[in-house]
Structure formats: structure tokens, C-alpha cells
Amino acid sequence: MDKRMIITIFTEMATYLELKGENQFKVRAYQNGARIIDNLEKDLRKLVESGEITKIPGIGKTLTGNIIELITTGDLAEYHEIKKDIPSGLLEIIKIPGLGPKKAYRLHQSLGIENLAELEYACLENRLTVVKGFGEKSQKNILQGIEQLKKHRGKFHYIEAIVEAQKIVDELKIAPDIKQISIAGSLRRGKEIIKDIDIVASSDNPTSVMDYFTSLPQVDNIIAKGVTKTSITLKSGINVDLRVVKDEEYIFALHHFTGSKEHNTALRHLAKKSDIKINEYGFFTAETKVEIKTEEEFFSYLGLEYIPPELRENTGEIEKAREDNLPKLVTNTDIQGIFHVHSKYSDGNDSLYDLAEAAKNSGYKYLGISDHSQTAVYANGLKVDEIYKQHEEIQKLNEKFTDFFIFHGIESDILPDGSLDYPDEILRIFDFVIGSIHSGLNMTQEKATERILKAMDNPYFTMLGHPTGRILLGRPGYELDLEKIFQKAKEKKIIIELNANPHRLDLDWRHLKNAKSKNVLISINPDAHRKEDLDQTYLGVKVARKGWLEKKDVFNSWSLDEIKKYFASKKINGH
DNA sequence: GCCGTTTTCGGCCCGACTGTTTTCAGTCG
């Protein structure tokens, strides 16, 4: 029974309780529990063994008991008790926009509907309209929602959403009645998966703004249209919420709709202690309304240091902000160079020269080429003679460049037995070696951890590439004992990659803070296969910020000289 | 179900929009 399963079970329990119409605060307790467990940095099993679990706020007697039962027996009697009379298909049904647990349960009670397919059929048969609380319109909306759900499953990569959102903001900026406008929501916070786009704007004439918004060419469907809030679906399938407020309310709305919900809730609790009420329109004290012009002032009024959007997940940022002790987050300009770039030698699109020129023009001081190794036949991995050829070409290019340097590396497969893909006498040719797993992905946590730990013992191992192998919205990645990996990384001075490919973003930001606390260096790598991918690095910076990383934690914020020295010292130790 | 210098009961963040009602429940963020 791993952490992920426990989170799923608690989340499901909350939903089943909701469907049953149970006390909403009980529902929230389970939802909170799931979120708290998700944010835990320490191993859940160890927390239970040491008894620390009882000290975590939000996990009380019952939840602790449930966690222990799940860990020791692998199951939970209460879970089966709760879901006994409720068909699991209702969990799918409540994913339809506008159809929540109350209505779903009523459909089940009155029409015997148990899943999405039955609901769709009932709509087509025009049977919904006879149920109390449902009419023509809701039946139509539900049908539309089912279509939507089947088509997209409602989740998008950050990169897809940010491109759409930026386009809308740029178009709205030139709308006649717009004063201020910004992307908000999970997109502003840099979440890797986005459910919808939130945009906040200010105007004296909201109706005109809403009209402008709904008539944009990329709008496919208007879900709801009001004076302060309008929701639409884009042709790409992404939902967009636009909130329009008065200019003096803008900062409050921006903060509110940036979230996260958990951050906002915690902040309101804090404010309440000082008799300040917060909502999306302002701060309200006993008799006055407070004027605020910037988010810096917003936090300062509450006695807090400015909290960057990426940190607003209620994972300790408010406490740190009170102590004036937030991390000074890494920025794009801190990045000096990039590693993990593929060239034509393996499965990349561009020549070494073109990649170097592009990197140089983007302002990077160095470029670390790392093509695939020989076992990666599907990716045209390098044979030994090609390695020598590539080495020579890089040396020649380096003679031409001033103020720029190409490091010769390799992305070596970590083979199933934990060895690297070339003998040591070949590995020593490279300036750096990224070890990555590309095959045999179905391993137990023990096997996967052992495999990587063994590879890390190789003296030429420099960086661990995409540590968990996850593909966002694709596959979850193998389970790893990251504590052991970080420990080994620290011992062996091995760098952990934050792979900035938008489909990977691996290592997950939730683990970065932990790595940082163990003084493990992180390299933000684009994993580029064409020169246009080089700046994916900046998406990685966003995620690094979300993981509380500072300049000092990021390997590729180092200067060219510092990197050269580091690799040189690794080589000496390796011999 | 969780929590506590309002402490073992009685609260628990707050507001907009829709579709159905005939004054509001449900949903969403």
C-alpha cells in the first residue's frame, strides 16, 4: 500500500460521503487528509512508525487509524462500508461540469443511473426532465458535458494552457474598456497539469469586456455569462474563466483567483485573527475598507513578506513569510547554460553547430550535448566510433567560440542490472554523463531504487536524468525511494535533473524542497531535440521556483569556469 | 472528521452563476 493509493482512497471516500449527503465538514476532513499526505516530504510509513503522524495538523484520530490500517493490512474496512451502496460510476458522472454529488445521487435514486453511459442514454431518451431539479437546459448541458469529458478528460499540459491563456490576455489587453489584466489560477502558480484557465481583469464597463471576450474567434461555447464572471470553452477544449472587477478591487481579485484554495483559506484564517475579513473584493475591518495597489502591499498589510505565486500552495509559505524567511527563488536570468541536449548524432534534429549558435544567441554561456547511448537503438544511440567523431567535432567547434563552450556528454541508459551503457574507458572521454532509465519501466520500488543506486556508484556518473520516468497525463513513473537517491547523490556529488520537457517536468516540484534540504544540486535541463526546445529550460525554472529552489541550489546557474572545475574534480576522483 | 488563550462542544472561508424554482439549492472555484 503506497502513498498514492492512500491518497486515492481518501479522495474517493470524500466523494462517496458527498454523494451520500454526509456532513460537508467530514467530507472536507478526508479531502484535506489526502492533500496533506500528498504534500508530505517524509516517508508515510516512517511517520507512522515513529508516531509523528499524530502531530500533523489535519490528521486526527480517525484518519491516523485509517492510515495505519491501510499500511498494515493493505485495505480499509471503512472504505468498503462507505462505498457499499454507491455505484462507482457516479464518480465519473460528477466530473460533468455543473453536475455535482447531490444531483448525481438524485439521478441515481430516481432513474437508477449508475454510470456515464446510462446517463447519456437517459438524456437522449429525454428522461432527465422528469426529475425534480432538472429541466430541458440541464439535460442539454449534461449531454454536452459528456461529449467534452469523453473528448479531453479535462486535463491539459501547462504548456498548452499557457499558450492559449497568453493569447487571450494579449487580445483582451487591446479591448477598449480593460484597465488591468493578468493570468491567475493554477497556471499563474505554475502547476504542471491545468484543468482550466483563470483570467482576472479590471474595468468600469464589465459588460463590454465580457462581450469582447465571448466573441473571440477561439471561443467554442459559452458556459455562463455574467457581469463579474464568464466561463467559456475554447476550440482546443480548455475552459476559461474570466473575472472582471472594479480597478480598486483588482489586486484582491488577482490574489483570490490565483489561489490556491488552500493558501487562501489559511490566509483568511490568519486575517480573521486580526479581525480582517478577506474576500475577492477587498480587506474589510470593523468599519473601513483598505486600499491596496500591489500584491506586495497586500501581503505586507497582513504582516507578510511577498509570496510569489508559485509558492502559494499552503505548504509552509505563510509561516516563512511571517518570519521574513522565504527563499529567494531562482530566476531565468540566473541560468548560465544548459545540459541534456540531443543532436543529429542520435535522435535530435539539428547539427552541433546549429545548436551551439542557437544556445549562444539565447544568451547561454555553455551547452552540454548528451546524445543517446548505444542500447537506445530506437533513438539511434551512439556507437563507440561515433563518440570519437563527435568528440573531435566538439573540440574543433570550441576552438572557434569565444565566451562560449560546448561540453561533451552522453545520456547513457541505465541498464536493467544498474550498469551504464559503455565501459569505463569510454565513459571517461566525456565531460559529463547523464544516467537515465528508458527501458524496463515496470519495476518494484526496491528494484528501481537498487538499479539507480548501483548506477550512481559508477565514478563517471554525473547527473540522474528524468529521475522517475513519468510522462504527464501518460504514465505515472516508477516508484522510487527518493530519500536513498538523494542521500547517494549527496555522497557522490551527483546532480539530479529537473527535466524541463513539458511532458515530463521530472523531478516533480513536490520533491525538490526535500532535495534542496539535503543539499543536493539540481540541474534544470531542457532535454531538447531541436534548437527551438532549448528555452524549455525556463519552464523548468518555473517548476524549480515552485519547488522552493534558489540560485545556489541550481547547478546550471554556475559560471562556465565553475562548471569546468566541477567536472575536472569529478574526473580526478573518478580515476 | 478536526480542532482548541472563545478548548471537549460547536464551529468549520466566501461569493457568483445557473436552472430551477416561486425564493433557492446546487455547483464551482
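Computed from a prediction, not measured in an experiment: that's the story for all the values here. Lettering follows sequence order; numbering is per chain, from 1.
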| message | I'd like to know if the side chain of A/S236 pairs up with that of A/E160 as donor and acceptor (distance under 3.5 Å, no hydrogens or angles considered). | response | no
| said: Work out how far the C1' atom of B/dT20 is from that of B/dA25, and round it to whole angstrom. | reply: 9 Å
| If we ignore angles and hydrogens, is there a donor and acceptor under 3.5 Å between the side chains of A/N221 and A/Q144? | yes
| task | Let me have a per-nucleotide readout for nucleotides 23-29 of chain B, 5' to 3', with B, S or -, counting only protein heavy atoms under 4.0 Å. | result | ---SSSS
| field | Under-4.0 Å side-chain N/O to phosphate OP1/OP2 contact, A/T265 with B/dC14 | value | no
| note | Here the ring-ring contact (aromatic ring centres under 6.0 Å, His included) pairs for residues 175-201 of chain A, sequence neighbours left out, are none
| message | Taking only the C1' atom of each, what is the distance from B/dG26 to B/dT21 in whole angstrom? | response | 12 Å
| task | Taking only the side-chain nitrogens and oxygens of A/N32, find out if one of them lies under 4.0 Å from OP1 or OP2 of B/dG1. | result | no
| Rounded C1' spacing from B/dT8 to B/dG1 in Å | 14 Å
| task | Over 60° means perpendicular and under 30° means parallel, so classify the ring planes of A/F299 and A/H263, tilted if in between. | result | perpendicular
| request: Describe the nucleic acid contact of A/E136 in one word from base, sugar-phosphate, nothing, applying a heavy-atom distance below 4.0 Å. | output: sugar-phosphate
| query | B/dC2 C1' sits how many Å from A/I67 CD1, rounded? | reply | 13 Å
| message | Rounded to whole Å, how long is the line connecting atom NZ of A/K137 with atom P of B/dT21? | response | 14 Å
| request: With P as the reference atom in both, quote the distance from B/dC28 to B/dT23 in angstrom, rounded to an integer. | output: 25 Å
| field | Heavy-atom pair of closest approach, residues A/L116 and A/L149 | value | CD2-CD2, 3.9 Å
| note | To the nearest angstrom, the CG-C1' distance between A/L17 and B/dG1 comes to 10 Å
| field | Nearest-angstrom distance from the residue atom OH of A/Y281 to C1' of B/dG15 | value | 7 Å
| request: Pick out which of A/S208, A/S203, A/S202 makes a side chain to side chain donor-acceptor pair (under 3.5 Å) with A/D177. | output: A/S208
| Counting only side-chain N and O atoms of A/T228, is one of them less than 4.0 Å from OP1 or OP2 of B/dG15? | no
| query | Taking the C1' atom of each, how far is B/dG11 from B/dT6, in whole Å? | reply | 11 Å
| field | d(CG, A/N279; C1', B/dA16) in whole Å | value | 12 Å
| task | Measure from NZ on A/K132 to P on B/dT20 and round the result to the nearest Å. | result | 13 Å
| said: Please give me the minimum heavy-atom distance between A/R322 and A/L270, naming the atom from each residue. | reply: NH1-CD1, 3.4 Å
| So, A/E295 and A/R188, do they make that salt bridge, N to O below 4.0 Å? | yes
| message | Taking pairing as Watson-Crick or G-U wobble with both contacts under 3.5 Å, can you name the mate of B/dT8, or confirm there isn't one? | response | none
| task | Starting from P on B/dG1, measure out to CD on A/E22 and report it in whole angstrom. | result | 8 Å
| query | Which one, B/dG1, B/dG19, B/dT18, comes nearest to the side chain of A/A224? | reply | B/dT18
| query | Does the pair A/R4/A/D2 count as a salt bridge with the N-to-O cut at 4.0 Å? | reply | no
| message | Using the C1' atom as the point on both nucleotides, what is the distance between B/dA16 and B/dC9, in whole Å? | response | 33 Å
| query | When you look at CD of A/Q445, are more than 12 heavy atoms from neighbouring residues, nucleotides or ligands closer to it than 6.0 Å? | reply | yes
N/O to N/O distances under 3.5 Å, protein versus nucleotides 8-12 of chain B:
none

| query | Starting at CD of A/Q144 and ending at P of B/dG19, how long is that distance when rounded to a whole Å? | reply | 11 Å
| field | Earlier contact from the 5' end, DNA chain B, for A/V27 and A/F134 | value | A/V27
| message | Go nucleotide by nucleotide along DNA chain B from the 5' end; which of A/G135 and A/T64 gets its closest nucleotide reached first? | response | A/T64
| remark: Note: A/I278 and A/L267 closest approach over all heavy atoms is CD1-O, 4.0 Å
